[in-house]
Amino acid sequence: MHNWQHWNRKANVVLCVLVILGLIAALPIGAVRWKMEKTSDNVQMVFDYRDLVQIAAYKSHPKQFVKDQLPKMKDAGITAMAVFESSLQELSWAGRLSLYNSTTAYELQGKPHTVDENYTYVLFADEADENAIRPVLEDTFKQWGIVTSRWSFEGHGGLILETPLEDAILKPMVPDPIALNELHAAGFTIVPRLSDRVPFDAASVDAMLRSFQEMGVSRILFEGDAVKGFADNAELKSLSQFGELLNKHGIGIAAIENSKPQKGMNTLGYLTDYNVVRLYSLSDNDSASMKPEEIADRFQLAAKDRSIRMFYLNGAPSSSPVKSAITDPLENLYNAMQDKNGVLAKMDKLGFEVGQPQPFKYESPSWVKPLKAIVVLGAIAFITLLISAFVPGVAIPVFVLGLVGSAGLYVLSKPILEQALALGASISAPTLALIWAIRRVRAHTVGNRRPIGGAADQPRLSADQVRWFFPGLGAGRRLLMAITIFASTAVISMSGIPFIVGLLNNMTYKLVLEQFRGVSLLHLAPIALVALYLFLYTGESVFGNLRRLLKMQITVLWVAVAGVLGVMALYYLSRTGNAGQASSMELVFRNVLESTFGVRPRTKEFLLSHPLFFFGIFVALRYRAAWVLFIVGSIGQLSMVDTFAHIHTPLPISLIRDLLGLVLGALIGLVMIGVWQIGEGVWKRWAPRVAQMKQGFKSGV
């Protein structure tokens, strides 16, 4: 047993060395990512052309309205138009044609509808529209197996589609060729929106992409829940064909933020060598209801913090009972773009130019792989150290099992291995940091089963007794120790960051085509593990602490406290990740922080966890009850690591955010310590007098 403990202690030293080596090996990989994040500095504002056509449909002169709005959009910095695949409904809104069913078509011609027929009748607005649109309709409905034939009325050409009108308007077709030519002539970049509703045909897709290339299209966007070609991929390998065609014509794709990843997007991104740009979509409701300065702030944060390079503006018309009119958000959007502190001004201040967005250029040097292998070893060692902190003596077998398991997982799924090790390291770092801090405070208070100060006349406590007060250290020394422990704990916690950066260095994480799973566990595990260590591992023995906890009487107060803690935990989890919602007051506070510091520190770090942890260290060196504040401190420590789990955020932003949180939290903690010292001094002075007054009152009675 003695030899095993000896080798286990040596193993812990080796594990610490491996962690340090893994940390060092991750730094050059992080430098490659840092360089990559500077390779895309153009942003593009895209308006939904379908919304513009819908707005125009409610105007007295729709076509003239569209012509009037295009130069206004150019002046506002909107340089691109998203054009959907056409439909009969959209072509009708644009005034290209009129639609009738069999009944209304016969009425139009002054004939009785006596035949058993429910067809769609299309009447073109003029000859130019007919020449441009007729071939599109004939090709589209031929693909669907629907018979078409010609007809005319009062000099206008038309088509008869042998399918009901309700069915015909659902059939997608290539984008409106007339609209494409008009927008291209007006100087707009075209951003086609393609769907996967039409069976994939390589020849027709090649012809379509060729026409897009001739118009200067550099990026396409997908509509629906899948990229084009996904439905037929199993049978036709259509994604591979589509990826080759995109590369052939030099066209990239765009991935929409905060939406469920479209099926096949990851595969298509790989096939196009990640010629992908992230896009933020401003909803119809936000376009109309948000103030211009709020829109500008949102776009600024998206570009700076989330690597967004395309901004999609929706602006559908809406009915306003208050104004008794059909309204639209165009003027609101123009103001948001052009105001003194609007989108264009903010982008210019950030160093972004309005232009064609470029993908991030990522190069993976040959030396990345061996360095990543060292990072993997370091992560396994980090996880082993965490397990050893709770189960002493198992470092060697746990590390060996980790190596074997990692090798097997590498064969099965490399991304899962990377994510598992990154998650394990990110949990281990803040947990071990807090355990180290607890041990340091315990060493300066309880000690190794020795009385404080080494006084021989102090009695030894039994296993069931707990020392709650430690008078041996002065305020000055406690403050210096608190500063040292607080800073050292932060350094240990942040040592988990390079493992996230080094392991998850794939472009799929940067573009959020693949997400770092297990973030919820990262937000809970360190808190639970620190609480477990604090309650079970800080006494004479684990079993003694467990026995004492089991003997405690459960009162209504304890049940109430447990309920409150449960509600707080649920609220805490609801605020983690991208799905968390903030109140309007909190949003205002966030904007103040952003405008003040340039980078917004995390509220839970600098206002809650860091101050209470710093204050808790100071107080815990005298009062054992304050040790519970270390559990609160774990929130801030894990949050610093979690900041870098948002891989789409540039590294400098995440680093500044962590350091700001630490500095501001420490300053607030110093204020709390000062207030505590004043309150403690007042209490020491007045408590004896109050006791004497009470005693005198009792004696008088």
Side-chain angles (χ1 to χ4, degrees), residues 19-20 22-27 29-30 33-34 305 375-376 378-386 389 418-437 486-505 509-510 515-531 533 572-573 575-578 580 599-606 608-610 613 630-663 665-666:
V19 170
I20 295 173
L23 189 154
I24 295 173
L27 295 180
I29 301 176
R33 175 180 156 187
W34 193 307
D305 285 19
V375 177
V376 167
I380 298 172
F382 224 152
I383 298 169
T384 304
L385 287 173
L386 177 62
E418 293 171 344
Q419 292 189 40
L421 292 179
L423 178 62
S426 62
I427 291 174
S428 299
T431 305
L432 288 172
L434 267 298
I435 289 175
W436 177 86
F486 178 77
S488 301
T489 303
V491 171
I492 298 173
S493 293
M494 295 177 73
S495 67
I497 294 171
F499 290 94
I500 294 179
V501 176
L503 290 167
L504 306 181
N505 66 322
Y509 298 107
K510 179 66 178 178
Q515 296 201 31
F516 179 25
R517 290 182 286 264
V519 174
S520 294
L521 186 59
L522 171 58
H523 284 94
L524 280 180
I527 301 173
L529 291 173
V530 169
Y533 190 89
Y572 170 71
L573 281 179
R575 295 301 312 278
T576 62
N578 294 326
V599 174
R600 177 179 62 83
R602 285 188 159 185
T603 307
K604 61 186 174 186
E605 291 181 21
F606 84 93
L608 174 66
S609 182
H610 289 335
F613 179 45
F630 283 47
I631 301 174
V632 181
S634 64
I635 297 175
Q637 300 301 310
L638 70 87
S639 179
M640 291 193 299
V641 181
D642 173 65
T643 294
F644 286 80
H646 299 266
I647 302 171
H648 55 269
T649 301
L651 287 173
I653 299 294
S654 296
L655 183 60
I656 294 171
R657 178 165 288 137
D658 275 3
L659 295 178
L660 267 178
L662 280 171
V663 172

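In what follows, residues are counted from 1 in the order of the sequence shown. As a basis for the values below, the full set of heavy atoms in this structure was taken, side chains included, without hydrogen atoms, waters or symmetry mates.
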**Student:** Determine whether Arg33 and Ile647 make a side-chain contact, defined as any pair of heavy atoms from C-beta on separated by less than 4.5 Å.
**Tutor:**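 Counting from C-beta outward, Arg33 and Ile647 do come under 4.5 Å.
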**Student:** Can you tell if the side chain of Phe606 reaches within under 4.5 Å of the side chain of Leu662, non-hydrogen atoms only?
**Tutor:**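 Not touching, per the 4.5 Å side-chain cut-off.
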**Student:** What's the separation between atom CG in Leu432 and atom CG in Leu385, rounded to the nearest 0.5 Å?
**Tutor:**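 Output value for this atom pair is 6.5 Å.
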**Student:** Could you tell me which residues satisfy side-chain contact (heavy atoms from CB on, under 4.5 Å) with Ile656, sequence neighbours excluded, listed by chain and number?
**Tutor:**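 Partners of Ile656 by the side-chain contact (heavy atoms from CB on, under 4.5 Å) criterion, ordered by chain and then number, come out as Val599, Leu660.
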**Student:** I want to check something: taking the side chain as every heavy atom from C-beta on, are Phe644 and Thr649 in contact at a cut-off of under 4.5 Å?
**Tutor:**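 Result no, sub-4.5 Å side-chain heavy-atom pair not found.
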**Student:** So, for Ala379 and Leu503, which heavy atoms are closest and what is the spacing to 0.1 Å?
**Tutor:**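 Here Ala379 and Leu503 meet closest at CB-CD1, 4.2 Å.
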**Student:** Which residues satisfy the side-chain contact (heavy atoms from CB on, under 4.5 Å) test with Leu521, sequence neighbours excluded?
**Tutor:**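 side-chain contact (heavy atoms from CB on, under 4.5 Å) check on Leu521 returns Leu423, Ile427, Ala525.
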**Student:** Partners of Ala437 by side-chain contact (heavy atoms from CB on, under 4.5 Å), sequence neighbours excluded?
**Tutor:**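 Ala437: side-chain contact (heavy atoms from CB on, under 4.5 Å) contacts with Ile485, Thr489, Phe613, Phe630.
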**Student:** Please name all residues satisfying side chain to side chain donor-acceptor pair (under 3.5 Å) with Ser426, sequence neighbours left out, ordered by chain then number.
**Tutor:**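 Counting only residues at least two positions away or on another chain, Ser426 forms no side chain to side chain donor-acceptor pair (under 3.5 Å).
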**Student:** For the backbone of Glu605 and the side chain of Ser609, can you confirm whether one donor and one acceptor N or O come within less than 3.5 Å of each other?
**Tutor:**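 Between the backbone of Glu605 and the side chain of Ser609 there is no qualifying donor-acceptor contact (under 3.5 Å).
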**Student:** Rounded to the nearest 0.5 Å, what's the gap from CG on Leu434 to CD1 on Ile527? Could you check?
**Tutor:**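 With rounding to 0.5 Å, CG (Leu434) is 10.0 Å from CD1 (Ile527).
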**Student:** In Å, rounded to the nearest 0.5 Å, how long is the span from CG of Leu27 to CH2 of Trp34?
**Tutor:**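 Answer rounded to 0.5 Å: 11.0 Å.
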**Student:** Roughly how far apart are Gln515 CD and His648 NE2, rounded to 0.5 Å?
**Tutor:**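 Between atom CD of Gln515 and atom NE2 of His648 there are 9.0 Å.
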**Student:** Search all heavy atoms of Ser493 against all heavy atoms of Met640 and return the closest pair with its distance.
**Tutor:**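 Scanning both residues, the minimum pair turns out to be CB-CE, 4.0 Å.
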**Student:** Taking all heavy atoms of Ala26 and all of Pro498, pick out the closest pair and write down the distance.
**Tutor:**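 In this case the closest contact between Ala26 and Pro498 is CB-O, 3.1 Å.
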**Student:** My understanding is that only residues two or more places apart in sequence, or in another chain, count here; which of them pass side-chain contact (heavy atoms from CB on, under 4.5 Å) with Ala381?
**Tutor:**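 Checked Ala381 against side-chain contact (heavy atoms from CB on, under 4.5 Å); matches are Leu15, Leu18, Val19, Phe399.
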**Student:** Just wondering, do Thr603 and Leu608 contact through their side chains at under 4.5 Å, heavy atoms?
**Tutor:**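 Result no, sub-4.5 Å side-chain heavy-atom pair not found.
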**Student:** Contact between Phe382 and Ser495 at the side-chain level, heavy atoms closer than 4.5 Å - yes or no?
**Tutor:**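 Phe382 reaches Ser495 side chain to side chain.
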**Student:** For a quick test of reading the model, state the closest non-hydrogen atom pair linking Ala666 to Phe486 and the distance between them.
**Tutor:**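 It is CB-CE2, 4.0 Å.
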**Student:** May I ask you to check whether Phe516 and Tyr509 place their ring centers less than 6.0 Å from one another?
**Tutor:**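 Ring-ring flag for Phe516/Tyr509: false, centres at least 6.0 Å apart.
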**Student:** Restricting to non-hydrogen atoms, name the atom on Ile380 and the atom on Thr384 that form the minimum distance, rounded to 0.1 Å.
**Tutor:**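 Of all heavy-atom pairs spanning Ile380 and Thr384, the closest is O-OG1, 2.8 Å.
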**Student:** What distance do Thr643 atom OG1 and Leu651 atom CG have between them, rounded to the nearest 0.5 Å?
**Tutor:**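 The distance works out to 12.0 Å.
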**Student:** Would you say Thr431 and Gln637 make side-chain contact, with heavy atoms under 4.5 Å?
**Tutor:**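 They are not in contact (no side-chain heavy atoms under 4.5 Å apart), so the answer is no.
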**Student:** Taking atom CD1 of Ile497 and atom CG of Leu23, what is their separation to the nearest 0.5 Å?
**Tutor:**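 The CD1 atom of Ile497 sits 9.5 Å away from the CG atom of Leu23.
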**Student:** Looking at side-chain heavy atoms only, is the closest gap between Val641 and Met494 below 4.5 Å?
**Tutor:**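 Val641 vs Met494: side chains apart.
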**Student:** For Arg602, enumerate each residue passing the side chain to side chain donor-acceptor pair (under 3.5 Å) test, keeping only those at least two apart in sequence or located in another chain.
**Tutor:**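 So Arg602 forms a side chain to side chain donor-acceptor pair (under 3.5 Å) with Ser639, Asp642, His646.
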**Student:** When you compare the side chain of Leu421 with that of Val375, does any pair of heavy atoms fall below 4.5 Å?
**Tutor:**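 Result no, sub-4.5 Å side-chain heavy-atom pair not found.
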**Student:** Could you pull out the closest heavy-atom pair between Val530 and Ser634, with the gap in Å?
**Tutor:**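 Looking at all heavy atoms of both residues, the closest pair is CG2-CB, 4.0 Å.
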